[in-house]
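In listed order, ligands and their atoms are each counted from 1. Quick note: residue numbers are just sequence positions, from 1.
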Amino acid sequence: MAVANFSLTTPIYYVNAKPHLGHAYTTIIGDALARWHRLIGDDVHFLTGTDEHGLKIQQAADAAGMTPQQFADGIAPQFQQAWKKLNISNDDFIRTTEPRHYAGVAKLLQACYDAGDIELDTYTGLYCVACELYYTEEELVDGLCPIHKLPVESFEEENYFFRLSRFEGRLLDWYAGHPGAMTPEFRGNEALGLIRGGLRDFSVSRTSLAWGVPLPWDTKHVAYVWFDALTNYLSSVGYGTDDERFSEWWPVDYHLLGKDIVRQHCVYWPAMLMSAGIALPKGWGIGGWLLAGGEKMSKTSGNVIDPLDLVDDIGVDGFRYYVLAETPYGQDGDFTYEGLLNRYNSDLANNLGNLLSRVATVVAKKCDGIGPAPRADSPLATAAATAYESTSDGWLSLQPSRALDATWSLIRATNAYLEANEPWKTEPGAAVDAVMGDALEALRIVAVLASPAIPDTAQEVWGRIGLPGLVVGQRLPNAAAWGGYPGALAVTKGEPMFPRRQIPA
Ligand code: ME8
């Protein structure tokens, strides 16, 4: 199979405070998708990073009595460590304070300026510092920012403006020519609604703030934080520093983002790229919010849950599985601890953990601990083929919860197969060997298909059923073809993988 490039990005997170569950949510989805694409043989570039300029960071640094650079230097590694702990396989981590990023921002600003789409003007407006966005009076809710429910500040500045208003027709035409570029569709329609509602020019520079990238033609101004931040997607792959690398990795296949930053990603960003004559992204995945008690979890609202606490409690894979399986992509989900435990008990303890432990126990008792080979005409072969097809569809259409449900359908079918055949009640011999060989082969395929979501567990299953090497070294579709388990391998019982958890009263 030819190697294809597949690139995807998460938002780069503000360093005004440490990583929280909402950041982990988007990053885990990106990670699983990156891992699926590596399994199908793509050459993957998965990018995440931190957004370190702007008024919000300046204010946080002031409050901490530090320079913004010192402040960012303290928080950025916390994101890197959190992603390491969550087994995030990012290929790059960009910080907007890096020289390569400054080069990219300067180049993009200059390209839009040279195209005549950036012009000097005076602006008076209502600014939400938490959003780093201007609002009109009508957009406020009870006089407050509609997202953060915080008071806005009245600003008047001489700014350079990006003439977004010129791009309304071009953006609508482009999206009409690229149906399905934004996923899920209902979120894409919200973005189209923003464009149809009329576009206002936005300011792309600040003089009231020194913390940012200077405009190349007027260094009294620094770039507006969103112009700066969006450009990370280009600067990370060589825009402004390495043309060859840039042509290899741009345009990106998917920008993953939350519904709170659709305007910037699906309206501002493509217009900036059009202005500079740069190809548009191939896709956007727009996720919903993970709510805590019905409110968006955010640093600004103060209702944050630390993902690392949950990992200590339920394990990395327990947490990753919950994030991916619980809520259909694009919808809002309400995080509850009880929901996390329920998901863990039903899918990981009762289904996967139970299947593995049954298989290992029966192989120990009835097959001398040596896993038999599967039958070519096993009744489970069809379930495995269907599970693979639907798992693949789920990942490729950016629906992790559907992909996992499809993978789990093979676990459920295998448990049902064991219950129907009751090998634990049968005398050792050909009949037991046949059933156990089939179950081991199903577990092998499950390990491969589940590996993007729960990589450590998948590797553990792989090893316990006696297979050598790494699950991440497998390649689909071959690795899902029925009959790959060779038999005559030592099967290890091991500790229970996902012990059941009590739901607190
Ligand atoms: O907006 N539920 O950074 P940010 C789900 N720096 N996802 C959530 C979430 C929640 N409760 N809270 C945050 C920024 N997220 C800019 C981005 S990109 C060029 C610049 C996720 O730290 C979600 O993906 O506020 C959201 O879009 C992102 O974190 C915002 O993170």
(Q) Is the ring pair Trp249/His45 parallel, tilted or perpendicular, if the boundaries are 30 and 60 degrees? (A) tilted
Q | Numbered atoms and elements of ligand 1 in range of Thr26, under 4.0 angstrom, heavy atoms | A | 7 (N), 21 (C), 23 (C), 24 (O)
Q. Roughly how far, to the nearest 0.5 Å, is CG of Leu33 from CZ of Arg38?
A. 10.0 Å
Q: State, to 0.1 Å, how close Asn159 and Ser205 come at their nearest heavy-atom pair, and which atoms those are.
A: ND2-O, 3.2 Å
**Q.** Nearest option to atom 13 (C) of ligand 1, as decided by whichever heavy atom of Lys56, His265, His255, His20 sits closest
**A.** His20
Q: Compute the ring centroids of Tyr233 and His265, then answer whether they are less than 6.0 Å apart.
A: yes
Q. What do we get for Leu256 next to ligand 1 when only non-hydrogen atoms under 4.0 Å count, side chain, backbone, both or neither?
A. neither
Q. Any sub-3.5 Å donor-acceptor pair from Tyr175's side-chain atoms to Cys266's backbone N or O?
A. yes
Q: Check ligand 1 against Ile261 and write out every atom of the ligand that is under 4.0 Å from a heavy-atom position of the residue.
A: 1 (O), 27 (O)
Q: Under 4.0 Å from a heavy atom of Asp260: give me the atoms of ligand 1 that qualify, with their elements.
A: 26 (C), 27 (O), 30 (C)
(Q) Going by the closest heavy atom to atom 21 (C) of ligand 1, which one wins out of Gly22, Gly287, Cys131, Gly258? (A) Gly22
(Q) Suppose I only count heavy atoms of Asp51 and a 4.0 Å limit; which atoms of ligand 1 are within that range? (A) 6 (N), 16 (C), 20 (C)
Q. Any non-hydrogen atom of Glu132 lying under 4.0 Å from ligand 1?
A. no
Q | Atom indices of ligand 1, in the order listed, that fall short of 4.0 Å to a heavy atom of Tyr25 | A | 5 (C)
Identify each donor-acceptor pair in which a side-chain atom of residues 274-281 lies under 3.5 Å from a protein atom, sequence neighbours left out, and give them as a table.
unit_1: Ser275; atom_1: OG; unit_2: Asp117; atom_2: OD2; d: 2.7

Q) Can you tell me if Lys259 has a non-hydrogen atom under 4.0 Å from ligand 1? A) no
Q. Atoms of ligand 1 less than 4.0 Å from Gly288 heavy atoms?
A. 5 (C)
Q: Assign the ring pair Trp284 / Trp174 to parallel, tilted or perpendicular, where the plane angle (0 to 90°) is split at 30° and 60°.
A: perpendicular
Q.
Within ligand 1, which atoms have a heavy atom of Ala229 less than 4.0 Å away?
A. 19 (C)
Q: Would you mind telling me which of Asp91, Asp92, Thr9 makes a side chain to side chain contact (heavy atoms under 4.5 Å, CB included) with Phe46?
A: Asp91
Q | Where ligand 1 meets His23 - atom numbers and elements under 4.0 angstrom, heavy-atom basis | A | 22 (O), 29 (O), 31 (O)
Q. In terms of the angle between their ring planes, are Tyr14 and Trp226 parallel, tilted or perpendicular, with boundaries placed at 30° and 60°?
A. perpendicular
**Q.** Heavy-atom proximity to atom 22 (O) of ligand 1, best of Tyr14, Tyr268, Trp226
**A.** Tyr14
